[in-house]
Amino acid sequence: MIERWLRPDLRDLLTYSMSVSPEDLATAYGVPLDRLIRLHANENAYGPSPRASAALAQGAWHQYPDPQGKALRQALAEYTGLGPEWIALGNGADDVIDLLARLFVGPGRAALIVEPTFEMYALSVRWHGGQVHVVHRDEAFEIPSAALFEAVRCHRPAAIFLASPNNPDGRLLSEDILRGLLAEEVVVIVDEAYFEFSGHTFAGWLPQHPNLIIVRTFSKWAGLAALRLGYALMHPDLVRAYDEVRPPFNVNLAAQQAALASLEDRDYLLGNVARLVAERERLYQALQDFPFLQPFPSHTNFILCRVIGQDAHRLWEGLLRRGILTRRYTTPALRNYLRISVGRPEHTEALLHALMEISEEASHGRP
């Protein structure tokens, strides 16, 4: 009955709110929650900095936080090499993406997205009434440049959303492609959520390209996923426009304090990033030993695998029954893939043991 009050263009959108929680999945598959290994959401298995945890023990929680986040923006200026006037804050990278969609794309305007990629780009554009044009990556997850530039010139989008590295495949964005898109004088938003794991950034391009925007997060490298802290790097005029369309207290005090402490303790956190990168390479090599998996090289804290000769959903279930939660997909382009987050060495060992069991059962004809 209530559907008649809703915007018709929003009724059929799939959102994260429709996904099943790890807690519910553990219950459904008979896995004790404290034994569930979470390799599905690209969380940082080493957690936050001890200084960030200590910072949360103190705070004037009855007071509103600084709406401009001046101390955090100054600390991020030192971290990024850009002035604080180039930095905008958000309640997680999702919030930053949504606010950028609000700023650039709405009714009568369109965005261009290269799929498969992070779902929030298309969702945010549609939530704000904009149209989404899609260019599809090839089977190796490379961007077909001819099709991309044809779409740009045909549709003249208000913004283009890209990721470097891309989620779910972990590939870096080509410098030639980005350079060509910026020359088209369209706003290009590059999501660098996994920058610390790749060591590659386009931040140095910002002073020469006012139509370039970079989005980052504290969820992955700093282990602050639960606190929601993201930021954008962009021209100061765009930062001022962004601040006009965001809620005044969208970044809470706890997130600001934890992020400040994380930046002070970055050597500790980047040490954990180095451990995860080393574990990623070990896992990538190990996954190649399973004939039913084709892992893709990655510049992130996850590895995408094509499942060969069997059903990806059944493999996902087999891992879950053994206490390993990975990321499955229902979209046609990714239906035969699993994405595996990189964890600690003991998580890798548990995953490899589970895959070996599944492989042995398959060889004996057992489901």
Are the side chains of [Y] and [X] in contact, using a 4.5 Å heavy-atom criterion?
X: Arg322; Y: Glu357; result: yes
X: Pro168; Y: Asn166; result: yes
X: Tyr231; Y: Thr80; result: yes
X: Arg344; Y: Glu279; result: no
X: Ser219; Y: Arg228; result: yes
X: Ile143; Y: Leu173; result: yes
X: Val307; Y: Asp311; result: no
X: Leu233; Y: Arg216; result: yes

Looking at [X], I want to see if its [atom1] is surrounded by more than 12 non-hydrogen atoms of other residues, nucleotides or ligands under 6.0 Å.
X: Arg35; atom1: CZ; answer: no
X: His353; atom1: NE2; answer: no
X: Glu150; atom1: CD; answer: no
X: Gln285; atom1: CD; answer: yes
X: Glu185; atom1: CD; answer: no

**Q.** CG-CG distance between Leu351 and Leu325, expressed to the nearest 0.5 angstrom
**A.** 11.5 Å

Q. What's the spacing between Arg306 CZ and Gln294 CD if we round to 0.5 Å?
A. 4.5 Å

Please tabulate, for side-chain N and O atoms in residues 45-57, each donor-acceptor pair with protein atoms closer than 3.5 Å (sequence neighbours left out).
residue, atom, partner, partner atom, Å
Ser49, OG, Arg51, N, 3.0
Ser49, OG, Asp265, OD2, 2.6
Arg51, NH1, Glu264, O, 3.3

Q) Is there any side chain to side chain donor-acceptor pair (under 3.5 Å) pair reaching into residues 252-262, and which pairs are they, with sequence neighbours excluded? A) none

For [X], enumerate each residue passing the ring-ring contact (aromatic ring centres under 6.0 Å, His included) test, keeping only those at least two apart in sequence or located in another chain.
X: His40; result: none
X: His155; result: His133
X: Tyr337; result: Phe141

Q.
Under 3.5 Å, is there a donor on one side chain and an acceptor on the other for Asn44 and Asn272?
A. no

Q: Would you tell me whether Asn91 and Arg246 have side-chain atoms, one donor and one acceptor, within less than 3.5 Å of each other?
A: no

Q: Could you list the residues that satisfy salt bridge (Lys or Arg N to Asp or Glu O under 4.0 Å) with Asp237, not counting sequence neighbours?
A: Arg240

(Q) Please find the pair of heavy atoms, one from Ala241 and one from Leu103, that lie closest to each other, and give the distance. (A) O-CD1, 3.9 Å

Q) Taking NZ, NE, NH1 and NH2 as the nitrogens, is one of them in Lys220 or Glu192 under 4.0 Å from a carboxylate oxygen of the other? A) no

Q. In terms of ring plane angle, is the pair Trp221 and Phe218 parallel, tilted or perpendicular, where the classes change at 30° and 60°?
A. tilted

Q: Can you label the angle between the Trp205 ring and the Phe202 ring as parallel, tilted or perpendicular, going by 30° and 60°?
A: perpendicular

Q) For the side chain of Ser124 and the backbone of Tyr121, is there at least one donor-acceptor N/O pair under 3.5 Å apart? A) no

Q.
Listing request: all ring-ring contact (aromatic ring centres under 6.0 Å, His included) pairs with a residue in residues 240-263, at least two apart in sequence or in separate chains.
A. Tyr64-Phe249

(Q) Test: ring-ring contact (aromatic ring centres under 6.0 Å, His included). Region: residues 167-191. Which pairs qualify, not counting sequence neighbours? (A) none

Q) Got a sec, which pairs hit salt bridge (Lys or Arg N to Asp or Glu O under 4.0 Å) with one end in residues 193-202, sequence neighbours left out? A) none

Q.
By the salt bridge (Lys or Arg N to Asp or Glu O under 4.0 Å) test, which pairs, at least two apart or in different chains, include something from residues 162-173?
A. Glu142-Arg171

Q. Any chance the rings of Phe118 and Phe161 have centres within less than 6.0 Å?
A. no

Contacts under 3.5 angstrom, residues 71-78 side chains, donor-acceptor by atom type, not counting sequence neighbours:
residue, atom, partner, partner atom, Å
Arg73, NE, Pro84, O, 3.4
Arg73, NE, Ile87, O, 3.0
Arg73, NH2, Pro84, O, 3.0
Arg73, NH2, Ile87, O, 3.4
Glu78, OE1, Arg266, NH1, 3.2
Glu78, OE1, Arg266, NH2, 2.7

For residues 27-34, please give each side-chain donor-acceptor pair under 3.5 Å, one per line with the distance, not counting sequence neighbours.
residue, atom, partner, partner atom, Å
Thr27, OG1, Glu23, O, 3.1
Tyr29, OH, Glu317, OE2, 2.6

